[in-house]
Amino acid sequence: MVKVAVVYNIVRDLCNKDQKGFVTPAVFNTLARAAQMNVYNEMFNELKIATRLRKSGGDAGRDKSAYKMVEEDLSYFITSKRLNVSGEEEPVQDEDPQGNPLFDEDGEEIMVAVEEVARVNKPADLSRIISMNVFETNTSVEIIYDSEKAKRVLNSNLSAPSEEFPIALIDGINIEIFPQTITSDINIKYYRYPVEPKYVALSIGGSTGFVVEDPINCTNFELPDHYLTELVGEIARMIGVRLRDDVLMQYGVTETTNR
């Protein structure tokens with residue numbers, strides 16, 4: 001993985017070449033997070049291009065395959081989780097006959113009976129879903145992202161979900177499984193977001209800008225080493241915009257487009 005201290009030192013040296021400003025660890029960390037996400041998202045675009053190249057017969061194949069290289073890089077972010085969606089209880093607030101919510105003498109909401117829902121929050125690090133299946137039966141779960149389409153499916157006599165053909169509605173931060181009679185957990189396989197990089201300085205040498213890395217508390221980039229120049233280019237481009245430095249901006253654009 002790309003070491004955050006290496007990127008920080010390169011970027012700091014680039015920005016200090018004309019004495020136009022020192023990049024503090026706080027500024028660097030903000031830009032580093034954005035740069036890593038830019039590179040991460042670009043990997044998916046490269047996968048699309050490599051897929052088209054492969055289908056057209058233009059991919060080099062074997063170890064030179066563009067598709068294989070991008071797929072290998074992205075495989076690091078593939079993870080699985082077991083979601084407990086069966087029997088989850090959701091409290092319901094009590095209401096008077098007019099539909100007004102009821103509160104106790106302390107002003108707390110009065111919660112009554114519960115309703116069963118097969119719903120769970122998305123994993124916090126979920127980026128893109130690959131597949132879902134029922135844990136006990138290994139039955140594939142059809143994934144729907146459009147709530148209107150899900151409503152039509154649920155109301156259909158022909159395509160209504162069953163335990164043999166379940167569906168999952170991805171709605172906001174929730175994943176809801178139909179039919180709600182499913183009693184097994186759900187396995188979800190997905191691409192996770194990379195962990196945010198963080199450069200921590202052990203000490204700063206006043207106005208000299210001298211920084212000593214704190215290796216224990218630093219968090220490296222979650223990208224393979226060959227993305228080093230692209231990360232430096234992304235951060236340099238953003239700092240160039242911040243400092244209105246045309247040289248830095250051009251350097252950043254060159255490094256990110258020539259990869």
Side-chain angles (χ1 to χ4, degrees), residues 1-2 4 29 32-48 50-51 67-92 114-151 153-154 159-198 217-225 227 231:
M1 299 292 106
V2 177
V4 70
N29 287 334
R33 288 193 291 269
Q36 179 169 253
M37 284 306 303
N38 287 346
V39 175
Y40 173 78
N41 290 326
E42 183 59 29
M43 290 163 71
F44 288 97
N45 293 330
E46 291 175 1
L47 185 62
K48 291 179 183 178
T51 300
Y67 180 87
K68 174 187 173 296
M69 286 189 283
V70 180
E71 194 177 44
E72 186 175 331
D73 290 344
L74 284 172
S75 67
Y76 180 80
F77 300 101
I78 296 176
T79 189
S80 299
K81 277 190 178 177
R82 184 172 168 178
L83 305 178
N84 179 13
V85 298
S86 59
E88 182 181 332
E89 296 184 343
E90 189 171 272
V92 178
V114 298
E115 55 183 18
E116 297 286 334
V117 290
R119 182 189 302 135
V120 69
N121 287 342
K122 289 180 182 177
D125 60 350
L126 187 150
S127 172
R128 305 179 189 217
I129 298 175
I130 299 173
S131 64
M132 297 175 67
N133 65 278
V134 181
F135 178 75
E136 289 182 355
T137 63
N138 204 32
T139 304
S140 294
V141 178
E142 183 71 22
I143 302 171
I144 298 178
Y145 296 91
D146 186 343
S147 58
E148 289 299 319
K149 180 180 178 182
K151 189 181 298 183
V153 170
L154 293 173
S159 59
S162 65
E163 293 193 12
E164 290 74 27
F165 300 98
I167 68 170
L169 171 62
I170 313 300
D171 187 15
I173 64 170
N174 297 316
I175 299 175
E176 191 162 1
I177 305 297
F178 300 95
Q180 296 187 348
T181 56
I182 290 179
T183 58
S184 175
D185 292 348
I186 301 295
N187 278 334
I188 178 171
K189 187 177 182 181
Y190 62 95
Y191 289 103
R192 64 172 178 81
Y193 286 116
V195 174
E196 291 185 353
K198 185 178 182 181
N217 294 310
C218 282
T219 304
N220 292 326
F221 291 92
E222 274 204 309
L223 292 171
D225 289 335
Y227 286 98
L231 281 171

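In what follows, every heavy atom counts, from backbone to side chain, and hydrogens, waters and symmetry copies are set aside. Heads up: numbering here begins at 1 and tracks the sequence.
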>> Restricting to non-hydrogen atoms, name the atom on Val4 and the atom on Pro197 that form the minimum distance, rounded to 0.1 Å.
In response: CG2-CB, 4.4 Å
> Can you name the nearest heavy-atom pair linking Arg82 to Asp185, along with the distance?
Replying inline: NE-OD2, 3.0 Å
> Taking the side chain from Gln36 and the backbone from Glu222, do they hold a donor-acceptor pair closer than 3.5 Å?
Replying inline: yes
> Given Pro194, which of Tyr76, Phe221, Tyr40 fulfils the side chain to side chain contact (heavy atoms under 4.5 Å, CB included) condition?
Replying inline: Tyr40
> So how far is it from Leu154 CG to Ile144 CD1, rounded to the nearest 0.5 Å?
Replying inline: 7.5 Å
> What distance separates Glu71 CD from Thr51 OG1, expressed to the nearest 0.5 Å?
Replying inline: 8.0 Å
> Nearest 0.5 Å, what's the CG-CG distance between Leu47 and Leu74?
Replying inline: 6.0 Å
Enumerate donor-acceptor pairs with a distance under 3.5 Å from any side-chain N or O in residues 132-139 to protein atoms, sequence neighbours excluded.
unit_1 : atom_1 : unit_2 : atom_2 : d
Asn133 : ND2    : Asn138 : OD1    : 3.1
Thr137 : OG1    : Thr139 : N      : 3.3
Thr137 : OG1    : Thr139 : OG1    : 2.7

> What closest approach, in Å, do Met43 and Val70 show between heavy atoms, and which atom pair accounts for it?
Replying inline: O-CG1, 3.3 Å
> Who are the ring pair (Phe, Tyr, Trp, His ring centres under 6.0 Å) partners of Tyr191, not counting sequence neighbours?
Replying inline: Phe44
> Is the closest side-chain heavy-atom distance between Phe178 and Val153 below 4.5 Å?
Replying inline: no
> Which atom pair, heavy atoms only, marks the closest approach of Ser127 to Tyr190?
Replying inline: N-CD1, 4.4 Å
> Does atom NZ of Lys122 have more than 12 heavy-atom neighbours, drawn from other residues, nucleotides or ligands, at distances under 6.0 Å?
Replying inline: yes
>> I need the Tyr193 OH to Arg128 CZ distance, nearest 0.5 Å.
In response: 8.0 Å
> About how many Å separate CG of Asn187 and NZ of Lys189, when rounded to the nearest 0.5 Å?
Replying inline: 10.5 Å
> Between atom CD1 of Ile143 and atom CD1 of Ile188, what is the distance when rounded to the nearest 0.5 Å?
Replying inline: 7.0 Å
Could you pull out all donor-acceptor pairs under 3.5 Å where a side-chain atom in residues 162-175 meets a protein atom, sequence neighbours excluded?
unit_1 : atom_1 : unit_2 : atom_2 : d
Ser162 : OG     : Glu164 : N      : 3.4
Ser162 : OG     : Glu164 : OE1    : 3.4
Ser162 : OG     : Phe165 : N      : 3.2
Glu163 : OE2    : Thr181 : OG1    : 3.1

>> Set out, in order, the CA-CA distance, both residues' side-chain angles and the distance that settles side chain to side chain contact (heavy atoms under 4.5 Å, CB included) for Ile129 and Tyr145, then state yes or no.
In response: CA-CA 11 Å; Ile129 298 175; Tyr145 296 91; 3.8 Å; yes
